[in-house]
Amino acid sequence: MSELLKNKVAIVTGGTRGIGYAIVRKYVQEGATVVLCGSREETAQKALAKLKEEFPQAQVDAIWPALSDRKSVAEAFNSVKEKYGRIDILANNAGISHNNSFFDYKDEDFDKILDINIRAVYACSRVAAEIMKEQGGGVIINTSSIVSYNGQAAGCGYPASKFAVNGLTKSLARELGRYGIRVNAVAPGVTRTDMLAALPDEQIKPIIAHIPLQRLAEPSDIANAFTFLASDMASYISGAILPVAGAVVI
Ligand code: NAD
């Protein structure tokens with residue numbers, strides 16, 4: 001283990017798999033106490049057990065609040081604060097995507113995507129920021145996407161939610177800076193996770209052909225950016241949307 005996040009307490013939403021689990025692993029490796037959030041108790045406990053097996057010495061825990069419900073989040077985050085004394089880092093990573101065309105888009109899918117991709121980011125940030133303000137500082141890192149620059153040709157709800165993440169990130173950075181709270185976002189390019197498993201191979205090859213670094217992102221590539229932004233190495237960085245996308249322009 002190295003020391004980049006030593007003595008820090010971090011919460012990672014959607015920490016059970018994919019990019020979120022990679023962030024959890026990296027934060028643990030850098031010495032943080034890490035609390036992962038799952039959507040259900042069962043998946044959260046399963047991910048926690050796997051983590052404990054890999055890092056038996058680490059201080060790790062799991063919670064499963066309803067992320068867009070501020071009351072549920074407050075209960076869970078306050079219990080973390082009581083148990084570990086503080087919350088230094090919130091990584092808002094949980095998210096979903098749909099690729100439906102506009103005319104096939106279901107209203108309930110649009111609501112669902114906004115609920116987890118942006119309303120949950122608002123609710124979790126609000127609760128964490130209250131704790132961070134009281135303790136004199138903290139870091140919030142949101143998960144945007146490379147599609148938050150120019151949208152995408154199908155699945156309009158997803159880029160809409162990620163443009164909103166950028167707006168919330170920049171606004172909170174300006175509003176919360178005076179309390180010592182930094183707020184940034186990471187904008188991943190196409191990353192090899194379950195979210196991608198839905199795409200057939202013939203759709204992945206042309207994606208790679210357009211990436212100057214000639215490969216997809218691995219979850220660890222994204223987790224490294226989350227670690228840098230969470231650490232004191234990024235002490236004067238706030239309001240940034242950091243693309244981690246192999247120089248792709250879409
Ligand atoms: P994933 O599907 O592998 O994991 C998503 C995580 O979010 C899971 O842990 C899941 O439990 C959690 N989650 C989903 N719905 C939830 C809900 N209602 N309540 C609580 N938790 C919920 O996806 P991933 O690829 O690891 O994506 C993580 C983040 O990265 C998302 O915000 C996504 O938009 C973003 N992102 C992914 C890619 C990519 O190519 N994979 C690219 C850009 C941005």
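Values below: every heavy atom of this structure, side chains too, minus hydrogens, waters and symmetry copies. We count ligands from 1, going down the list as the structure has it; atoms in each ligand are counted the same way. In this text the structure is predicted, and so the values were computed from the model without any measurement.
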Students should be able to answer this: which protein heavy-atom is nearest to atom 20 (C) of ligand 1, and at what distance? S39 CB, 3.4 Å
Atom 27 (O) of ligand 1: which protein heavy atom is closest, and how many Å away? M195 CE, 3.9 Å
Taking 4.0 Å as the limit for heavy-atom contacts, which would you say applies to Y21 with ligand 1: side chain only, backbone only, both, or neither? neither
Any salt bridge between K106 and E108, counting N to O under 4.0 Å? no
Below the 3.5 angstrom mark, is there an N/O of T191, backbone or side chain, next to an N/O of ligand 1? yes
Between S145 and ligand 1, is there a nitrogen or oxygen pair with a distance under 3.5 Å? no
A student comparing V12, I146, V165, I116 should find that the heavy atom closest to atom 17 (C) of ligand 1 comes from I116
Do V249 and Y149 come close enough that some side-chain heavy atom pair is under 4.5 Å? no
What's the spacing between L48 CG and Q45 CD if we round to 0.5 Å? 6.0 Å
Is there a salt bridge (Lys or Arg N to Asp or Glu O under 4.0 Å) between E130 and R126? Walk through the geometry before answering. CA-CA 6 Å; E130 275 165 22; R126 174 75 187 272; 3.1 Å; yes
Walk me through it: do W64 and T43 pass the test side chain to side chain contact (heavy atoms under 4.5 Å, CB included)? CA-CA 9 Å; W64 43 93; T43 48; over 6 Å; no
At what distance is the nearest protein heavy atom to atom 42 (C) of ligand 1, and which residue and atom is it? G189 O, 3.3 Å
If we set the cut-off at 4.0 Å for heavy atoms, which region of T16 has an atom near ligand 1: side chain, backbone, both, or neither? both
Just distances here: any N/O of P188 and N/O of ligand 1 closer than 3.5 Å? no
Can you confirm whether D221 sits close enough to R215 that some side-chain heavy atom of one is under 4.5 Å from a side-chain heavy atom of the other? yes
Atom 26 (O) of ligand 1 [closest protein heavy-atom partner, distance rounded to 0.1 Å]: I19 N, 2.8 Å
Below 3.5 Å, N or O to N or O, backbone or side chain included: is there any such pair between G14 and ligand 1? yes
Closest to atom 2 (O) of ligand 1 among protein heavy atoms sits R17 NH2, 3.0 Å
If you compare all heavy atoms of V73 against all heavy atoms of A123, which two are closest, and at what distance to 0.1 Å? CG1-O, 4.3 Å
Numbering the atoms of ligand 1 from 1, which are under 4.0 Å from a heavy atom of G95? 5 (C), 7 (O), 14 (C), 31 (C), 32 (O)
If you have a sec, work out which protein heavy atom is nearest atom 34 (O) of ligand 1 and how many Å separate them, to one decimal? Y158 OH, 2.6 Å
Which ligand 1 atoms are under 4.0 Å away from a heavy-atom of D194? 3 (O)
Backbone, side chain, both or neither: what part of S144 comes under 4.0 angstrom of ligand 1, heavy atoms only? backbone
Near G18, which atoms of ligand 1 are under 4.0 Å from a heavy atom of that residue? 3 (O), 26 (O)
I23 to V12 - nearest heavy-atom pair and separation: CG2-CG2, 4.0 Å
Tell me: protein heavy atom nearest atom 13 (N) of ligand 1, and distance? A94 CB, 4.0 Å
Between N92 and S125, do the side chains contain an N or O donor and an N or O acceptor separated by less than 3.5 Å? yes
Which is it for R192 and ligand 1 at heavy atoms under 4.0 Å: side chain, backbone, both or neither? neither
K8/D232 ion pair, N-O < 4.0 Å: yes
Taking distance alone, with no angle check, do N93 and ligand 1 share an N/O pair under 3.5 Å? yes
Taking NZ, NE, NH1 and NH2 as the nitrogens, is one of them in K26 or E30 under 4.0 Å from a carboxylate oxygen of the other? yes
Number the atoms of ligand 1 from 1 as they appear, then name those within less than 4.0 Å of a heavy atom of I96, with their elements. 14 (C), 15 (N)
Is it true that a side-chain atom of R25 and a backbone atom of A223 form a donor plus acceptor pair closer than 3.5 Å? no
What residue and heavy atom of the protein are closest to atom 30 (O) of ligand 1, and at what distance? T143 CG2, 3.3 Å
Within the structure provided, determine whether I146 and K162 are in side-chain contact (heavy-atom separation under 4.5 Å). no
Would T193 count as a polar contact of ligand 1, with the cut-off being nitrogen or oxygen pairs under 3.5 Å? yes
Holding to side chain to side chain contact (heavy atoms under 4.5 Å, CB included), I want the full list of residues that pass it with Y105, two or more places apart in sequence or in another chain. H98, N100, D109, F110, I113, C156
Contact atoms of ligand 1, heavy-atom distance to V190 under 4.0 Å: 40 (O)
